[in-house]
Amino acid sequence: MMRFLGALLLATALLPAQPARAEKITIMVGGIEKQIYLPAKLAEQLGYFKEQRLDVELLTEPAGVQAENAMLAGEAQAVVGFYDHSIDLQSKGKFVESIVQFSQAPGEVELVSSKVADKVHSPADFKGKHLGVTGLGSSTSFLTSYLAVKNGVKIGEFVLVPVGAGSTFIAAIQQGKIDAGMTTEPTISRLLKTGEAKVLVDLRSPAKTRAALGGPYPAACLYAQASWVDKHKDAVQKLANAFVKTLHYIHDNKAADIAEKMPRDYYTGDKDLYVRALADGKDMFTADGVMPDQGPETVLQILTASNRALESKKIDLSKTYTTEFVKAVK
């Protein structure tokens with residue numbers, strides 16, 4: 001009997017080790033087809049999640065605020081959305097933090113319908129206008145409100161209309177439901193190509209963002225609740241490894257080569273337009289996932305300008321992001 005057990009143990013020891021089961025993580029993206037959130041799908045397409053032995057499921061909601069709500073409800077462990085939500089949520093007693101900072105500019109444009117472009121020359125003309133945003137409480141609503149207030153139009157003197165992005169945003173412009181609105185690529189280029197809209201404020205590059213907002217505006221990022229991050233540091237490090245490698249890929253490759261890696265339906269029927277838009281906006285992405293200097297301060301200043309309730313809140317910016325994981329990437 002002892003000989004049998006010994007032989008069995010020896011045979012078991014000689015068997016090849018079974019690979020560890022990949023850890024399942026659900027990430028909610030605030031519009032997965034938007035170019036501002038390109039790193040999410042691109043990391044999957046390049047196989048970087050599997051390389052890290054992660055089983056990542058990417059889900060999508062049309063607006064960042066809906067993605068945020070999904071995370072808070074436990075439907076996802078993390079979100080690919082805008083960093084400003086971490087400040088907004090802290091003001092409400094909820095702590096989330098940016099883990100990997102994808103971009104240093106919003107990648108958004110305030111478009112004005114060509115039907116009213118002769119009357120709306122800047123955000124100073126927003127009074128009485130219906131302004132499209134992806135969702136109420138979304139980053140586009142924060143930025144739109146700031147542009148209005150900065151240009152002398154008070155909260156309540158304009159109407160924010162949730163119209164999503166892509167085809168629903170385009171329909172809102174075409175049907176006259178909104179006079180202007182904030183959206184991202186490839187929706188921007190589609191409306192400019194047809195002549196149905198014109199650029200009012202351009203936030204697609206770091207330089208244009210500084211000119212319009214007064215500083216860098218860290219936007220797209222991977223964020224999660226601080227409590228989850230603290231309990232899952234190994235998985236978070238693997239996510240950081242995958243996303244920083246993706247950011248390096250974006251930095252080192254041409255827009256046309258990046259576009260080749262993306263699903264064909266993301267082109268919305270016009271690949272050349274998609275590639276040109278990506279080429280023009282590629283420098284919004286960080287190369288290393290690190291939060292840009294003075295970025296959090298600029299975002300807090302902008303949020304406070306359009307939401308006076310924030311003035312009475314003590315926001316600890318150091319708890320709205322972490323560089324622990326991106327700086328540990330090898």
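For the pair Arg190 and Glu185, the salt-bridge criterion is not met [side-chain N within less than 4.0 Å of a carboxylate O]. Between Arg276 and Asp280, no side-chain nitrogen of the basic residue sits less than 4.0 Å from a carboxylate oxygen of the acidic one, so the salt-bridge criterion is not met. Here Glu44 pairs with Lys41 in a salt bridge; the nearest charged N to carboxylate O distance falls below 4.0 Å. Between Lys119 and Asp179 no salt bridge is recorded (no basic side-chain N to carboxylate O distance below 4.0 Å). Between Glu57 and Lys24 a salt bridge is recorded (basic side-chain N to carboxylate O distance below 4.0 Å).
Under a 3.5 Å cut-off, the side chain of His232 and the backbone N or O of Trp228 do form a donor-acceptor pair. Tyr249 contributes no side-chain N or O that, together with a main-chain N or O of Ile258, makes up a donor-acceptor pair within less than 3.5 Å. Of the possible donor and acceptor atoms, none in the side chain of Lys177 sits under 3.5 Å from a partner among the backbone N and O of Ile173. Without hydrogens or angle criteria, Lys94 side chain to Gln225 main chain gives no donor-acceptor distance under 3.5 Å. The backbone N or O of Gly195 lies less than 3.5 Å from a partner atom in the side chain of Ser114, making a donor-acceptor pair. Side-chain atoms of His248 come within 3.5 Å of backbone N or O of Ala287 as a donor-acceptor pair. Between the side chain of Thr304 and the backbone N or O of Leu300, at least one donor-acceptor pair lies under 3.5 Å. One N or O on the side chain of Gln35 and one on the backbone of Tyr274 form a donor-acceptor pair closer than 3.5 Å.
In this structure the side chain of Leu111 never reaches within 4.5 angstrom of the side chain of Leu200, judged on heavy atoms. Glu33 has its side chain out of reach of Pro263: every pair of non-hydrogen atoms, C-beta onward, lies at least 4.5 Å apart. Using a 4.5 Å heavy-atom threshold, the side chains of Val116 and Asp125 count as separate. Two residues are said to be in side-chain contact when any heavy atoms from C-beta on lie closer than 4.5 Å; Thr26 and Glu75 fail this criterion.
Within 6.0 Å of atom CG in Asp293, 12 or fewer heavy atoms from other residues, nucleotides or ligands are found, so the atom counts as exposed in its surroundings.
No continuous path of hydrophobic side-chain contacts links Ile178 to Val201 [ILVMFWY only; heavy atoms under 4.5 Å].
Side chains of Thr320 and Tyr83: a donor on one and an acceptor on the other come within 3.5 Å. Under 3.5 Å, the side chains of Thr134 and Thr140 contain a donor-acceptor pair of N or O atoms. Side-chain contact, Tyr217 with Asp84: a donor N or O sits under 3.5 Å from an acceptor N or O. Using a 3.5 Å distance cut-off with no hydrogens or angles, the side chains of Glu196 and Thr194 do pair a donor with an acceptor. Between Gln101 and Ser98, the side chains place a donor N or O and an acceptor N or O closer than 3.5 Å (distance only, hydrogens not considered).
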**OP:** Determine, step by step, whether Ile25 and Leu54 satisfy the side-chain contact (heavy atoms from CB on, under 4.5 Å) criterion, reporting the C-alpha distance in whole Å, the side-chain angles of both residues, the deciding distance to 0.1 Å, and the verdict.
**Re:** CA-CA 7 Å; Ile25 297 175; Leu54 290 172; 4.0 Å; yes
Subject >> ring-ring contact (aromatic ring centres under 6.0 Å, His included) between Phe49 and Phe243, intermediate numbers included >> reply: CA-CA 9 Å; Phe49 294 139; Phe243 279 124; 5.4 Å; yes
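The two atoms that bring Pro292 and Pro296 nearest to each other are O-CD, 3.8 Å, heavy atoms only.
The cationic atom of Lys129 (NZ for Lys, CZ for Arg) does not lie both less than 6.0 Å from the six-membered ring centre of Phe158 and within 45° of the ring axis.
When the side-chain contact (heavy atoms from CB on, under 4.5 Å) test is applied to Lys50, no partner is found at least two apart in sequence or on another chain.
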Could you give the side-chain donor-acceptor pairs of residues 323-330 under 3.5 Å, partners two or more places apart or in another chain?
unit_1: Glu324; atom_1: OE2; unit_2: Lys233; atom_2: NZ; d: 3.4

